[in-house]
Amino acid sequence: MRMKRQIICGFFCLVFCSLGVFVSAEEPAQGLRDGMQILGRSIGTCAGAALVQRDAAYADLLAQEFNMLTPENDMKIARLQPEEGRFTFDSADQLVAFAETHGMKVRGHTLVWHLFLPKWLSDKEWEKDELNQVMRTHILTVAGRYKGKIDAWDVLNEAVEHDGRLRESLWYKTLGPDYIDNAFRWAREADPHALLFYNDFDAEGMNAKADGVYALVKGMKERGVPLDGVGFQLHVDAENPPSIEAMRKNMQRLVALGLQIHFTEIDVRVSLPMTPERLEKQAACYAALLELCLSEPACTAFVTWGFTDRYSWVPRFFEGYGDALLFDRDKKPKPAYEAVRSILFPTQPHDGNFKD
């Protein structure tokens, strides 16, 4: 009888294995990427081509933990077009290739912005028709090059002031407000299938700037401009986090317009030196933001602005602050990482090790 049971068990094991089914339980998913993919959402971060090339551990962690990649600076106009009409795509191409190799989506960032402009563009007095052609050529060239390879473009970045008015940028002062609609229409012409986003900071809650962004995108939708979503940057202070209820209210009115929401540039800075209490506040803030995103089906991406404190922009721009990301300077997970992961895998403790 025992021999008979062994033969039967062996037979079924052979059948199941031949079909790719295993009788033993699979190792539970460990990382943030695994958890968000199960939910059909994207979790991303920004990265630079130079770091991916020179720091193998950084590149490995990037591919392991995230399924969406935003070029931090390598797709901004100063990098892509350092001289008028001369495009340099090497770094951007490397990041797109890295994402393709590792099954990651790409958020293109950014086609039109008032900052990070090359001197040939910022230092010249432009005629309207001339600058209009510059913007059109740049958008069609860049978005066209990556047609079919970009999941979402930040077509326009930070075009609204804190009081809700349109920013008087080079683009606005020379071209007038029509430059905004044109940028989105040209982006759609260049890549019909990429999602097209407006992206901004300090506009996630309910305030004058958020009202200005809402008025802008509502008008665009009414005019038939191809806009698919709004990005909330979310560079926040752990000691003064945004109101989750205000964010929820703002998200709901944007979603009612038929728009998606991406949390696009999340970091949660703390005043230094770091303490256990500050780590706890940071973790709670990350967790609250993720829970908010997951509560709204139209919030389809949760993207941090970097992932290791070693390479964060925060200390350079916020004096006395730092340690704003999910991994420390040695690329080890912080309490913020564990808090985010516990939302995705509430019944699976994490041992601090990662999959190979």
Side-chain angles (χ1 to χ4, degrees), residues 46 70-85 87 92 107-143 152-190 196-204 207-221 223 225-235 254 259 262 264-265 305 313 316-317:
C46 73
T70 301
E72 184 173 12
N73 293 311
D74 291 321
M75 282 188 176
K76 293 172 181 173
I77 188 169
R79 290 279 177 88
L80 290 183
Q81 199 178 171
E83 298 174 13
E84 185 176 2
F87 289 84
R107 291 195 87 259
H109 179 80
T110 175
L111 292 172
V112 181
W113 193 23
H114 67 285
L115 296 176
F116 218 86
L117 300 176
K119 290 182 69 64
W120 67 265
L121 180 57
S122 62
D123 289 357
K124 181 177 177 178
E125 293 292 327
W126 294 91
E127 297 294 329
K128 181 175 181 178
D129 290 346
E130 192 179 19
L131 185 60
N132 205 49
Q133 186 58 44
V134 166
M135 189 176 77
R136 182 176 187 275
T137 297
H138 184 80
I139 292 172
L140 293 179
T141 301
V142 175
W153 273 108
D154 287 332
V155 176
L156 180 60
N157 201 48
E158 301 173 5
V160 176
E161 297 280 12
H162 277 92
D163 62 4
R165 296 178 301 167
L166 289 178
R167 185 185 299 277
E168 293 192 5
S169 63
L170 166 69
W171 309 107
Y172 180 84
K173 288 188 291 186
T174 308
L175 303 177
D178 289 347
Y179 88 92
I180 295 173
D181 291 3
N182 287 335
F184 280 85
R185 291 191 170 113
W186 291 332
R188 176 66 82 230
E189 177 185 344
L196 306 182
F197 274 70
Y198 174 75
N199 188 53
D200 215 326
F201 66 98
D202 289 349
E204 62 272 4
N207 54 36
K209 183 169 186 177
D211 290 344
V213 170
Y214 177 77
L216 170 65
V217 300
K218 183 175 185 290
M220 292 170 69
K221 294 295 286 185
R223 294 190 296 273
V225 178
L227 171 72
D228 298 300
V230 172
F232 293 171
Q233 291 188 14
L234 291 166
H235 301 293
L254 292 169
L259 297 171
H262 284 183
T264 57
E265 303 184 20
W305 203 243
W313 75 299
R316 301 193 305 274
F317 288 84

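In this chain, residues are counted from 1 in sequence order. For the numbers below, each heavy atom of this structure counts, side chains included, while hydrogens, waters and symmetry mates do not.
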Heavy-atom pair with the smallest gap, counting every atom of His109 and Trp153: N-CZ3, 3.8 Å
salt_bridge(Asp228, Arg188) N-O dist < 4.0 Å: yes
Could you state the interatomic distance from CG (Asp211) to NZ (Lys209), rounded to the nearest 0.5 Å? 12.5 Å
Closest heavy-atom pair and its distance - Asn157, Gln233: OD1-NE2, 3.5 Å
Arg165 charged N/C atom sitting above Tyr172 aromatic ring, 6.0 Å / 45°: no
Taking every heavy atom of Ala187 against every heavy atom of Val155, the minimum-distance pair comes out as CB-CG2, 3.9 Å
Flag, side chain of His114 to backbone of Trp171, donor-acceptor distance under 3.5 Å: no
Cation over ring, Lys128 on Tyr179, under 6.0 Å and within 45°? no
Is the distance between the ring centroids of Phe201 and His162 under 6.0 Å? yes
For the residue pair Glu158 and Trp113, confirm or rule out a side-chain donor-acceptor distance under 3.5 Å. yes
So Thr110 and Phe116, do their side chains get closer than 4.5 Å, heavy atoms only? no
Parallel, tilted or perpendicular: which one describes the rings of Phe87 and His138, with boundaries at 30° and 60°? parallel
Distance-minimising heavy-atom pair for Asn207 and Ala210: OD1-N, 2.7 Å
